[in-house]
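What you see below is based on every heavy atom in this structure, not just the backbone, and it leaves out hydrogens, waters and symmetry mates. Chain letters run A, B, ... following the sequence lines, proteins first, then strands; residues in each count from 1. This is a predicted model, so every value here is computed, not measured.
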Number of protein chains: 2
Amino acid sequence: MSRRIDAKTAAARLREAQSILILTHRRPDGDTVGSAAALCRGLNRMGKQAFVFPNEDLTPRLGFLLEGLLAAPDFVPDRICAVDIADISLLPDSAGGFAGRVDLCLDHHPSNVGYARELALEEHAAAAGEVVWAVLQALEVVPDLPMWEALYIAVSTDTGCFKFSNTTPLAHRIAAGAIEAGVDFHRYNHIFFEAKSKNRFLIEKTMFDKMIFSADGRIACSWLDRPWLDSIGATDDDLDNLATLTMALEGVDCGIILTQNKKDLACKASVRTHKPADASRICRGFGGGGHPRAAGCTLSGPPEEAAKRLMTAAAAELALC
Amino acid sequence: MSRRIDAKTAAARLREAQSILILTHRRPDGDTVGSAAALCRGLNRMGKQAFVFPNEDLTPRLGFLLEGLLAAPDFVPDRICAVDIADISLLPDSAGGFAGRVDLCLDHHPSNVGYARELALEEHAAAAGEVVWAVLQALEVVPDLPMWEALYIAVSTDTGCFKFSNTTPLAHRIAAGAIEAGVDFHRYNHIFFEAKSKNRFLIEKTMFDKMIFSADGRIACSWLDRPWLDSIGATDDDLDNLATLTMALEGVDCGIILTQNKKDLACKASVRTHKPADASRICRGFGGGGHPRAAGCTLSGPPEEAAKRLMTAAAAELALC
């Protein structure tokens with residue numbers, strides 16, 4: 001298990017190091033990439049050699065944040081730091097070799113398994129970006145514009161643009177600072193929360209067409225088959241945060257969306273709940289985890305059957321509430 | 001024309017008064033109602049008699065904010081204060097008698113025509129709620145939970161939950177304060193930004209089905225006929241902020257949605273633009289106004305013809321950019 005430390009101690013550890021490699025998680029989102037970019041730039045500003053390990057799943061929508069920050073293959077760091085990575089199994093395939101070698105993890109997932117030597121975990125933070133922000137404060141780094149951009153993207157994407165229940169006062173205050181610093185937040189809000197590609201429209205429509213309900217309409221579940229997703233050329237970005245849409249439907253307390261993985265056709269499930277139903281409790285039964293309102297897990301077998309198993313678990317969770 | 005004053009002077013004027021009547025605008029939104037509620041409660045906390053004039057257009061979704069705050073018919077105030085009302089023509093019909101008698105207006109619309117005796121206008125504020133917040137600060141009123149709720153609803157609804165380009169650092173800081181004070185912000189986010197009634201689903205679907213495009217897809221326009229809206233029992237809430245949805249479509253720089261009024265079947269147009277196109281310039285040509293990114297106007301005639309006239313004006317605006 002990790003030794004638990006606070007943001008100040010994490011800052012002290014980074015201050016000691018001369019060269020730092022930063023890791024992001026599989027299927028990288030705005031929080032892991034934004035956190036990595038902000039931390040990397042902050043450490044560079046202090047005169048340290050800091051780089052982000054290249055993540056093969058990185059999409060162009062987030063890739064710009066890491067321009068000039070990617071580690072060369074021969075970079076040998078003093079310290080390895082993971083951001084927003086709750087479990088070693090969430091490392092991208094190419095980073096699997098770092099398992100057991102992570103010195104420090106900055107995270108906000110209550111489900112963090114404690115794989116890093118030291119862990120700065122803020123369970124009530126909306127985003128790992130808040131932990132990075134606290135570390136940067138402790139390092140007395142005054143963010144520049146690219147760092148504010150990265151922090152804004154970290155906290156805004158993990159809160160659904162300040163809409164989800166996990167939104168914190170600090171997430172809002174980071175956003176206030178970012179806007180004051182001149183971040184073109186509206187451009188990012190458009191890209192991450194508003195713009196819909198033609199594929200995204202098609203995917204949302206199909207998802208609602210196939211949706212089934214149980215528990216008197218309190219559970220909504222739908223799935224997207226890999227052959228169909230491939231036939232329209234859907235990207236991971238097109239599939240981002242689909243499950244959240246189910247929470248908009250009147251009467252729904254638990255929404256489940258399954259998408260088949262490209263590699264092994266296993267079903268990646270995203271589960272969302274309204275209070276008091278606990279999404280992470282539903283997912284833990286299938287070896288997954290996450291947050292009370294948003295969690296995930298992976299199930300083998302055809303999507304229709306995986307959907308049924310998850311709906312049964314969701315019904316049991318709702319019965320407890 | 002109004003005498004322009006700042007929030008501190010507005011606070012001094014309210015401090016002088018013993019009884020204050022607060023006015024909200026026609027088709028009241030979260031900002032006018034939230035601002036009125038927060039101001040009214042703040043003045044009551046100072047021991048003043050303050051009430052909000054009943055607005056016949058008020059919907060249940062916002063009505064709870066004004067519980068216990070509505071003025072009785074025989075209330076005779078020292079001062080009349082309008083919040084978020086840019087023009088006397090935007091007073092509800094029942095409040096028409098106050099035209100020419102408004103002592104103070106707290107507003108954020110650059111298009112404010114200056115009908116009040118004194119005007120505290122913060123053109124860069126995202127919401128009138130920010131002006132009210134500044135006035136409450138100047139009055140040294142520490143907000144209680146219901147005031148934070150009202151302020152949160154004011155700033156969140158006018159910024160589309162902190163997504164629109166008008167979002168300010170202060171809007172985020174007010175939200176941070178509200179969350180710290182214990183506001184159940186997620187419940188309000190769900191109600192105002194997420195929950196979709198069956199009618200709302202149907203309306204959005206119909207809007208996109210009927211949508212026409214011009215200027216190489218840069219202008220999107222649709223309309224909803226009153227007979228159809230009445231046939232499904234659509235409420236004003238169901239029609240709220242429809243035009244914003246057009247801004248999600250790839251390539252669209254100007255989105256126009258027309259809805260026919262209940263009373264006279266005139267077409268109420270909502271116009272949204274991406275930078276640099278100016279929605280208020282398009283609407284001013286039809287006697288309307290608003291903000292650069294979000295404006296409105298009313299046109300007579302059948303929706304199809306009104307749509308064409310607006311699309312021509314929008315094309316002229318886009319040609320200028």
Side-chain angles (χ1 to χ4, degrees), chain A residues 124 126 148 152 155-156 159-201 204-205 208 217 244-253 255 272-275 292-293, chain B residues 124 126 148 152 155-156 159-201 204-205 208 217 244-253 255 272-275 292-293:
Chain A
H124 298 291
W148 277 121
Y152 182 80
V155 299
S156 65
T159 57
C161 205
F162 313 98
K163 198 169 71 180
F164 301 160
S165 60
N166 67 344
T167 308
T168 57
L170 182 55
H172 275 293
R173 292 205 172 97
I174 290 172
I179 296 174
E180 255 160 12
V183 169
D184 190 357
F185 66 95
H186 185 240
R187 193 165 80 87
Y188 298 125
N189 290 352
H190 181 68
I191 292 170
F192 291 104
F193 310 112
E194 201 175 48
K196 278 188 195 178
S197 64
K198 282 173 192 163
N199 264 350
R200 176 70 181 200
F201 265 118
E204 289 184 9
K205 188 183 170 313
F208 283 113
T244 303
L245 300 180
T246 61
M247 293 286 90
L249 300 173
E250 263 183 324
V252 171
D253 286 321
R272 299 288 182 275
T273 56
H274 286 308
K275 274 182 199 170
R293 302 283 87 73
Chain B
H124 298 291
W148 276 121
Y152 182 81
V155 299
S156 64
T159 58
C161 203
F162 313 99
K163 198 168 71 180
F164 301 160
S165 61
N166 66 344
T167 309
T168 58
L170 182 54
H172 275 293
R173 291 205 172 97
I174 289 171
I179 296 174
E180 256 160 12
V183 169
D184 190 358
F185 65 95
H186 186 240
R187 193 165 79 87
Y188 298 125
N189 290 352
H190 181 68
I191 293 170
F192 290 105
F193 310 112
E194 201 176 47
K196 278 187 196 180
S197 64
K198 282 173 194 165
N199 264 350
R200 176 68 182 203
F201 266 119
E204 288 185 9
K205 190 183 167 314
F208 283 114
T244 303
L245 300 181
T246 61
M247 293 286 91
L249 300 173
E250 263 183 323
V252 170
D253 286 321
R272 299 287 182 277
T273 56
H274 285 307
K275 274 183 198 168
R293 302 283 86 73

Check: If you take all heavy atoms of A/Phe164 and B/Phe185, which pair is closest and at what distance?
Finding: O-CE1, 3.3 Å

Next item on the list: Write down the atom of B/Ala176, the atom of A/Pro169, and the distance for their closest heavy-atom approach.
Entry: CB-O, 3.5 Å

Notebook entry, point to check: Is the A/His172 ring parallel, tilted or perpendicular to the B/His172 ring (thresholds 30°, 60°)?
Noted result: tilted

Check: What part of A/Phe162 is in contact with chain B, defined as an atom under 4.5 angstrom from a non-hydrogen atom: side chain, backbone, both or neither?
Finding: both

Item checked: Partner chain A: residue of B/Arg200, B/Met247, B/Lys163, B/Lys196 with the largest heavy-atom pair count (under 4.5 Å) -> B/Lys163

Margin query: Among A/Thr168, A/Leu170, A/Thr167, exactly one meets side-chain contact (heavy atoms from CB on, under 4.5 Å) together with B/Ile179. Which residue is that?
Written below: A/Thr167

Next item on the list: On the 0 to 90° scale, with breaks at 30° and 60°, tag the A/His274-B/His186 ring pair as parallel, tilted or perpendicular.
Entry: tilted

